[in-house]
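Everything on this sheet refers to the single structure shown next.
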Amino acid sequence: MFYNFKEIEEKWQKAWDSGNAFGARHDAARKKYYLLEMFPYPSGKIHMGHVRNYTIGDVAARFKTLQGYNVLHPMGFDAFGQPAENAAIKNKTKPDAWTHKCIKEMEAELKKMGFSYDWKREVATCDSSYYKWNQWIFLKMYERGLAYKKASSVNWCPSCETTLANEEVIDGGCWRCHTKVKLKDLEQWYLKITDYKERLLEDLKQLDNWPEKVLSMQSNWIGRSQGVEIYFRLKETNEAIPVFTTRADTIFGATYIVLAPEHPLVAKIIKGKPQEKEVLEFVERVSKESKVVRTSSDVKKEGRFSGSYAINPVNNEAVPIWIADYVLMEYGTGAIMAVPTHDQRDFLFAREHNLPMRIVIQPNDQRLTTNDQLSEAYDGDGVQVNSAQFEGMPNQEAKIKIAEWMQETGIGKIQTHWRLRDWLISRQRYWGTPIPIIYCKKCGVVPVPYEDLPVRLPVDAPFTGEGGSPLGKVKEFVEAECPKCKSHARRETDTMATFFDSSWYFLRFCSPDFENGPFDKAEAEYWMRVDQYIGGVEHAILHLLYSRFFTKFFKDLGLISFDEPFIRLLTQGMVLKDGEVMSKSKGNIVDPDSMIKKYGADTLRLFMLFAAPPETELEWDDRGLEGAFKFLNRVWRIHESLKEEADSQMLKILHKSIKKVTDDIQDFKFNTAIASLMELTNAIYQFGADKGVFSKLVLLLSPIVPHFSEELWQILGNKESILKARWPEHDPALLVEQTVTIVLQVNGKVRSKIDVPADISEDKLKELILQDDKLKTWIQDKPIKKFIAIPKKLVNLVV
RNA sequence: GCCGAAGUGGUGGAAUGGCAUACACGUCGGUCUCAAAAACCGAUGAGUUCACGCUCGUAAGGGUUCGACUCCCUUCUUCGGCACCA
C-alpha cells in the first residue's frame, strides 16, 4: 500500500557509503562549489534544528552536483566543550571516550537522514591532529603580538567556574547556564581582534549575499562612532580632562562635566574638599554594584558634586565637575561633557540636581528660547544659537566645522571610538585546547616551540566537580621544563575557548589530513571561499566575526589570498512546536529518529522544506508530515501506469515546472519548488505521463528526497545511480504560448477575461475587447478616456 | 532610545506594480466498499443574492498610480540585535 521507505533508505545509504559517492577531489578543470553547514556539537542525538539546517544544505549540494559542479560538502564535530566534562563527573567516564562515543552515534543519525557528506574529510576538534593547529595558530598570533596576557576584571560564571568573553554574556548572565555573571580579577589570555576592527567593519560591504540582519548585527557589535575628544582643563591645576562626544555642535551648551566613579582623576579633585568623604562613600558603593544593576535603564541616575570646576575650552567658562554612575569608564574617555538641553540623560540629571542649562540648537519649526519651554531634551536638528562664531549655522554643518576648528586650535582632536573589545580566550576548563605556554621563573612567559606541538591533554585527570580546572591537578602536565633555560617550570593550565576551534575548521576541511600546517595552501586556494554557508542566526556575531578575523589573519600570514571566508550566508529559522522553540525544559521536543522510523527520512526532509521558507521559523505539524508522506506515495504510484507517449499539453507543463523548480532551488525557495512539483504531479494525474516525463519528475525530486528518487530511477531502468545524471533543462520553445488569456479591467477592476492569439496587435485586441458583452455592460456609452494594455497579460479601460 | 525583520483565509504559506489567497493542512460533500481505512473526484476568504452576479477584503489610516499585499508617509503590534555608547 505504501512505498517501502525503510528498505529503500537502508539500501541506498549502504550503496552511497560503500561507493564513497560524495568524496570530493581537487580537479582544477572543474568548477568547484563549497557548501558548508555549521558543524554540530556532538551531543549524541540530532534534533530538528540539525535536520532542518542539514537538509537545506544537502538539497543545495545535490542540486549543484547534478548541475555538474565539483562539490565539496564536508561534516565534522565541534567536539570540545563543557558537556563532556559534566558527563565525566556524573558518569565516571573520560571526556575523550564520551565525546567519541557521541560522535559515533551522531554520525549514524546523520547517515540515516541520507546527507551527502564526504565522510573521509570528517574532523573532530578534540583530536590532537586538529588542536595541534589551534596551538600553532596561537603561537603565530603570539609572535605578532596578537595574543597577549593581561590582568583585568573579567566576566566570571560562578556556576561554570570559568571566565567568559564579552560575547558570551547575555543579559548579564552566562550564555550557557544563565547564571548571573560576576566580575573577577584574573590574568587571562586575549586575542587582539581590535587590530582588525577597521577591516572587519569595512569588508562587511563586500558581503552582498549575507542577510541584512547579520551585517547590521556585526556592524553594531563593532560599534564605530565618530566624534571629537575635547580637552577640558581642571581649573586649579590646568590638567587636561579629555571628554568624548559625537555632538561637537552642542559644545557651547556644555554646562557641567561628569566623570565615571572609577575615573583616575576622582581622588585627586576631591582631595581636601568638604565633599570628599561623601563622594568617596558614593564611589565605593557604586563600584560594588554589578554592571548589570548599574546599566539597567530603569534605575535612577545618581551623582555627587566633586567640589571642583573645569574650564570649557571654547568659552573659558568654569563648569562644575560631577561624578555619576551613568558614565562608564569602559567607553570613550570615562568622562563626558553634559549638555542637558540636547541630551535626555543629561537633562534628567540636571533637573534632579538643579544644574544650569543653555539652549544652543534652535529647532527649525519652533521657537525655543527659555529653558522652561523644555519638558525633555531636544535632540533633533536645527540652527546654532549662543554659539559664538558658529551662530546661525545649521547644526549638522556646524558639527563638522566645530570639529575641524577644535582640531586646528588644539582644543580637541577628531577621533573614532569602537565598541569592539579584545577577545578573552582563557578558560579554566579541562576539555579544550591547552594554551601552549610555559612559565619559567627565570625566563618568564615562554611559548612552547613549534616542534613540541601538540601539547596534549593528559588522558587521566581527576573529575571531581569541585573547584578549579582538573588540568591544574595533573602533576605530569603542570610540571614542565623551560624550553629556553631547561630549568623547572610550570605549564599554563587554562585551555582555549571553543570558539577558537570553530574559527578556521572550514579551512581544515580542504585538506583534513595535512601535516605540515593547519591546511594545504593549494587545496585552500582551490576550494575556498565557502560558496554557501548555512547555520543558525545565533552565530551571527560570535562565530562569524571570529571566523572573519582568523581569515584575515591567515591572509596576513601569507597562507591565503582572500579576505573573507563565506561568500553567501543563509541563516535558517528555528523549528517551533505550538509557537515555542523546541526545548527539553518545555517538553515539546519531537525526536527526528522516531519520525524517520514512522515515515522515513525522505518524508521528513520533504516536510521540513515544504512547510516554510528556509529563513523563517517553521512550525512543526504532524499532519503536515503526513501530507508529505501522502505526496510521495502519490508520486510512487505513477510508475505503475505509465503511458506510451505523453501529450503535448503534458510536455508544456513539464517544461514549465523544470524552469520553475530550477529557478526556485537556485534561490533556496524550496517551499515553492515543491509546490510546483506537486502541481506537476497533479497534472500527471490529469493527463498521464510516459517514462520520459516521469523520469524528469524523479530527477527534479532527487535533491529533496534522494533515496526515493534513486529507487524509482532504478525501477525506470537506469543502470547508473541518479547521482551521475544531469539536471534537466527546460525547452524554451515549449514555453511559448499560442494563445493567452487577457484579463480585462474597467477602472482597475477585473470585469472579464478573453482568450486571444499571443501575437495579436493592440488595435485588433482593442477591437475584440469592445465586442465583449460583459465589458459592454460596464462601459455602456461612457467615453473611453484611456486604454492601457500590458502585452499578454491585461487590459485596463478607464471610462 | 537606535538598528533590523515581519504582520495575507480556520492553519502553514504563495503572489514584490497587473486575476489576492498558488501549493498543502484542516473541514464539508461525492465515488469505491457490507462497512471502514486508503485511494480518487469536487467544494471551501467574508457579506449579500433563487441565481448570473455585486460589494467588501492582505495590521490601521493617508498618499502616488489607469491599477497597490507590493512603492511613499503616519500609526499600531510582534519578533530579533545593540544600548546610561556620550
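Model, not experiment: these values are computed from the prediction. In what follows, every heavy atom counts, from backbone to side chain, and hydrogens, waters and symmetry copies are set aside. The chains referred to below are lettered A, B, ... by the order of the sequence lines, with proteins before strands, and numbering in each begins at 1.
In this structure, B/G80 shows a glycosidic angle more than 90 degrees from zero, which is the anti conformation.
Residue A/R345 places none of its side-chain N or O atoms closer than 4.0 Å to OP1 or OP2 of B/G1. One finds a side-chain N or O of A/K786 lying less than 4.0 angstrom from the OP1 or OP2 phosphate oxygen of B/C66.
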Problem set entry | Under the 3.5 Å Watson-Crick or G-U criterion, the dot-bracket string of RNA chain B, with | for inter-strand pairs | (((((((..(((.....[....)))((((((.......))))))((((....))))..(((((..]....))))))))))))....
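Stacking of A/R358 on the aromatic ring of A/F252 is not recorded, the 6.0 Å distance cut-off and the 45° axial limit not both being met.
Comparing atom distances between the A/R637 side chain and each of B/A86, B/G18, B/C40 picks out B/C40 as nearest. Nearest to the side chain of A/Y685, among B/C85, B/G81, B/C41, sits B/C41. Here the side chain of A/M678 is nearest to one of B/G4, B/G18, B/A24, namely B/A24.
Screening residues 653-665 of chain A for salt bridge (Lys or Arg N to Asp or Glu O under 4.0 Å) gives A/K656-A/E737, A/K659-A/D663, A/K660-A/D664 as the qualifying pairs, with residues at least two apart or on separate chains. Residues in residues 603-615 of chain A take part in these salt bridge (Lys or Arg N to Asp or Glu O under 4.0 Å) pairs, two or more places apart or across chains: A/D58-A/R605. The list of salt bridge (Lys or Arg N to Asp or Glu O under 4.0 Å) pairs with a residue in residues 338-347 of chain A, not counting sequence neighbours, reads A/D343-A/R345.
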If you restrict it to nitrogen or oxygen atoms, what contacts under 3.5 Å exist between nucleotides 9-15 of chain B and the protein, and what is each distance?
residue, atom, partner, partner atom, Å
B/G12, O2', A/A611, O, 2.6
B/G13, O3', A/N671, ND2, 3.4
B/A14, OP1, A/N671, ND2, 2.8

Polar-atom pairs under 3.5 Å, protein N or O versus N or O of nucleotides 54-58 of chain B: list them with distances, or write none.
residue, atom, partner, partner atom, Å
B/U55, OP2, A/R751, NH1, 3.2

Please list each protein N or O that sits under 3.5 Å from an N or O in nucleotides 43-49 of chain B, with the distance.
none

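Nucleic acid contact for A/N682: sugar-phosphate only, since backbone atoms but no base atoms lie under 4.0 Å from a heavy atom of the residue.
Applying the side chain to side chain contact (heavy atoms under 4.5 Å, CB included) rule to A/S752 yields the partners A/L744, A/D772, A/K774, A/L775; only residues at least two apart in sequence or on another chain are considered. Residues passing the side chain to side chain contact (heavy atoms under 4.5 Å, CB included) test with A/N395, sequence neighbours excluded: A/R247, A/D249, A/I361, A/D381, A/Q384. For A/A350, the side chain to side chain contact (heavy atoms under 4.5 Å, CB included) partners are A/Y256, A/P340, A/L355, A/M357, not counting sequence neighbours. Residues that satisfy the side chain to side chain contact (heavy atoms under 4.5 Å, CB included) test with A/P242, not counting sequence neighbours, are A/E229, A/Y231, A/T333. In this view, A/D667 satisfies the salt bridge (charged side-chain N to carboxylate O under 4.0 Å, His left out) rule with no residue, not counting sequence neighbours.
For A/W636 and A/F708, the ring centers are positioned less than 6.0 Å apart.
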